Protein chains: 2
Amino acid sequence: MANGNRGPSMHDVAARAGVSHQTVSRVLNDFPGIRPETRDKVLEAIEELGYRRNLAARALVTGRSQTIGMIGPEIPDIGPLSTLHAVERAARDAGLHTMMTSADPSAASVRDALEFLVGRSVDAIVLVAQQRSVLEALAGVDPRVPVIHLLTGGEPAGSAASIDQRAGARFAVDHLIGLGHTRIQHVAGPLTYIEAQLRRDEFRSATAEAGLPELEILEGDWTTDSGFAAGARLDPSATAVFCANDDMAFGLIHALATAGRSVPGDLSVVGYDDTATSRHSLPPLTTVRQDFEAVGRRAVELVVAHVAGESPAAQLIAPELVVRASTAAPSS
Amino acid sequence: MANGNRGPSMHDVAARAGVSHQTVSRVLNDFPGIRPETRDKVLEAIEELGYRRNLAARALVTGRSQTIGMIGPEIPDIGPLSTLHAVERAARDAGLHTMMTSADPSAASVRDALEFLVGRSVDAIVLVAQQRSVLEALAGVDPRVPVIHLLTGGEPAGSAASIDQRAGARFAVDHLIGLGHTRIQHVAGPLTYIEAQLRRDEFRSATAEAGLPELEILEGDWTTDSGFAAGARLDPSATAVFCANDDMAFGLIHALATAGRSVPGDLSVVGYDDTATSRHSLPPLTTVRQDFEAVGRRAVELVVAHVAGESPAAQLIAPELVVRASTAAPSS
DNA sequence: GGGCACCCTGTGACCGGTCACAGTCCAGTC
DNA sequence: GACTGGACTGTGACCGGTCACAGGGTGCCC
């Protein structure tokens, strides 16, 4: 085995066990029809040499790598990160592995990431496509493997694992309307995000259908700071605010407290995400829970189906309203 | 190129450009001494065929994959996740790529993850080792590649990228002492975590050196819920609390508010992490900032150094105290 | 005893790159 | 005109697995 420091190969194991390399391969791949003593000899040799199969060699000949490539955003948001993390765990349960790379929303960056993963012979790609520009980057590109979109929140395409953003926004607005609010304002996320667009659109539809007045829609950038800034620009007549995520809701509540206004006494606030802190913020935040875990599992199901040549039915994951103490009936 | 749906190979490109496969390889690897017309012909053929180099083949022959393997925790905490994310970006800047897998803290799980990554011919491994059991799992294992530990927060070993936990805890306690507090209590993280141990140990040292009385140390599990629970078990005489992370601090503050006690009026609270919400919680939280981004970059520096055969000097990353509105001088 | 099936194992080609080693061609020199 | 050297390109082995196929035994039947 004088092969540098590369570690033992299948041939080394074969030589030690006194069999052929092919027999070693068969043992490793659980082929039937190996005599028990032979199998034991091979396993023993593997143990003694500390042999580990080289997956590059395997991928080279099979053309498949049992690996899912993941393309994440450059910014470390807990939502996408925990979703990708869930993909990793679900993939492992399915006997697959994952490889992650990240890309900014530019077409060039997304294509680079695709190139890299395809070059690594991944069997499928899971792409966090929160922004429309990411989807557009794929136009005219043939990735040669199935591509699953994550967290678009949009149309229930068969190759996307997403949460139903419209339903979530509808829950939030209906909750406020149910409490008796009629002057409801919205702090949207950055509208380059499909999720932000969908929540805003559904906010508009829901308030319009209820015959409520249209208050100005403010646009934040998901951060607590932008929520704080939005707090200063609220419509004075608003009695409730639906924020497109929890972080902006926290910033907004802070701004309100600074201005001497209480939540929910003076103003009701609903968030979106149900982050770790939401259940113990002051006041605990009414919000919409997104099951990122489920998105991850769904993504792996889609990968498995596509690799097997199936075309699974479209299906959005339903969010859930969590009512806490930041919402109440209007005071007047 | 009738090779199934595997895509064109280097030989296909060579045939189309009318050169040998070796010339194609030279063009791809930027070897000097290629006639410009030849290079152009090759690049054109690559373009036309949509050729992408197969990295499995390359990894097989070179024995190196230009890839860093990362082992993360099973639980999606923002700290480790954003650190790993930072590793990914720093690696990309260094021309490397990453592959991620996760493991629970058991020895078997950590070893499986190592096996997998080594089998994938990674050039180095970055391991989130927040718990001592993870480090112990490595005892007696020869991974055959450099292993960099992440976020142990402990001893400044040359192969670890960590934040100086002792310094951070010292900042927090000194800040409270500086405000005049003498009865300071600590809500520790789960003590299976090295970070939690170090913060607690330093809390003890700092208070003992200042001659302060020893109040009971409560143990949480990092979650807001456990902070909330700790709120009910606080020493009635305490005037300040140092929480081992921000989430527990939020839970604690919520519990205090529920009991009618105000922060910082009745009690000062310091957190640890400086999460996204900390700057806009009620009140904005005094905390210790950890630069996860820097840890990620440092990890990649260490990888590059180790792969080059160097043994870089030990160096911990300094945390930073961020003073906000949750701390004040004791009221009495 | 020969033939045949079945069980188990071995042989060699091949995946798509890189590496080491040879060429081939042309200009410059004696 | 033959010789040398540099610039450029080609040839074949090899990395470590898997695949297709070809054996060598043994037991059973005719």
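Since the model is a prediction, treat every value here as computed from it, not as a measurement. A note on names: the letters A, B, ... follow the listed sequences, proteins ahead of strands, and every chain is numbered from 1.
Between B/His11 atom NE2 and D/dA13 atom P the separation is 13 Å, expressed in whole Å. Rounded to an integer number of Å, the gap from B/Met10 CE to C/dT18 P is 4 Å. Protein atom CD1 of A/Ile46 is 13 Å distant from nucleotide atom C1' of D/dG17, rounded to whole Å. Atom CG of B/Asn54 is separated from atom P of D/dC15 by 18 Å (rounded to the nearest Å). One atom, OH of B/Tyr51, and another, P of C/dG16, lie 10 Å apart when rounded to the nearest Å. Atom pair A/Arg64:CZ and D/dG17:P shows a separation of 19 Å (rounding to whole Å applied). Rounded to an integer number of Å, the gap from CD of A/Gln66 to P of D/dG17 is 16 Å. Atoms NZ (A/Lys41) and P (C/dC8) sit 14 Å apart, rounded to a whole Å.
B/Leu55 comes within 4.0 angstrom of no nucleic acid atom, judged by non-hydrogen atoms across all strands.
Phosphate proximity of D/dT18 to A/Asn29: present, with a side-chain N or O under 4.0 Å from OP1 or OP2. OP1 or OP2 of D/dT9 sits under 4.0 Å from a side-chain N or O of B/Thr38. An OP1 or OP2 oxygen of D/dG10 is reached within less than 4.0 angstrom by no side-chain nitrogen or oxygen of B/Arg26. Within the structure, every side-chain polar atom (N or O) of B/Thr62 is placed at least 4.0 Å from both OP1 and OP2 of C/dG17. Between B/Ser25 and C/dT18 there is a side-chain N or O to OP1 or OP2 distance below 4.0 Å. Contact check, A/Arg53 against D/dT18: a side-chain N or O comes under 4.0 Å of OP1 or OP2. Between D/dT18 and A/Arg58, a contact under 4.0 Å exists linking OP1 or OP2 to a side-chain N or O.
Across every non-hydrogen atom of A/Asp123 and A/Ser65, the tightest pair is OD1-N, 3.0 Å. Residues A/Pro143 and A/Val118 approach most closely at O-CG2, 3.4 Å, considering heavy atoms.
Of the listed nucleotides (C/dC8, C/dG10, D/dC15), C/dC8 has the atom at the smallest distance from the side chain of A/Arg35.
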Quiz item: Between B/Arg92 and B/Glu88, is a salt bridge (charged side-chain N to carboxylate O under 4.0 Å, His left out) present by the stated rule, with each step listed?
Solution: CA-CA 6 Å; B/Arg92 201 140 42 85; B/Glu88 195 277 326; 3.2 Å; yes

Exercise. Begin from the C-alpha positions of B/Lys41 and B/Glu44 and carry the test salt bridge (charged side-chain N to carboxylate O under 4.0 Å, His left out) through to its verdict.
Key: CA-CA 5 Å; B/Lys41 266 193 305 185; B/Glu44 199 177 323; over 6 Å; no

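Between the side chains of B/Glu136 and B/Gln131, no donor N or O sits under 3.5 Å from an acceptor N or O. For the residue pair B/Ser102/A/Arg89, the side-chain donor-acceptor check at 3.5 Å is not satisfied.
Applying the side chain to side chain contact (heavy atoms under 4.5 Å, CB included) test between B/Thr83 and each of B/Leu151, B/Ile78, B/Ile163 identifies B/Leu151 as the sole match.
Residues A/Gln290 and A/Gln165 form a side-chain contact, since some pair of their non-hydrogen atoms from C-beta on lies under 4.5 Å apart.
Nearest-nucleotide positions on DNA chain D for B/Val61 and B/His21 put B/His21 closer to the 5' end. Residue whose closest nucleotide on DNA chain C sits further toward the 5' end, between A/Gln22 and A/Pro36: A/Pro36.
In the helix from C/dG1-D/dC30 to C/dC30-D/dG1, the end axes, each obtained as the rotation axis mapping the C1' atoms of four pairs onto the next four within a five-pair block, lie 70° apart to the nearest 10 degrees.
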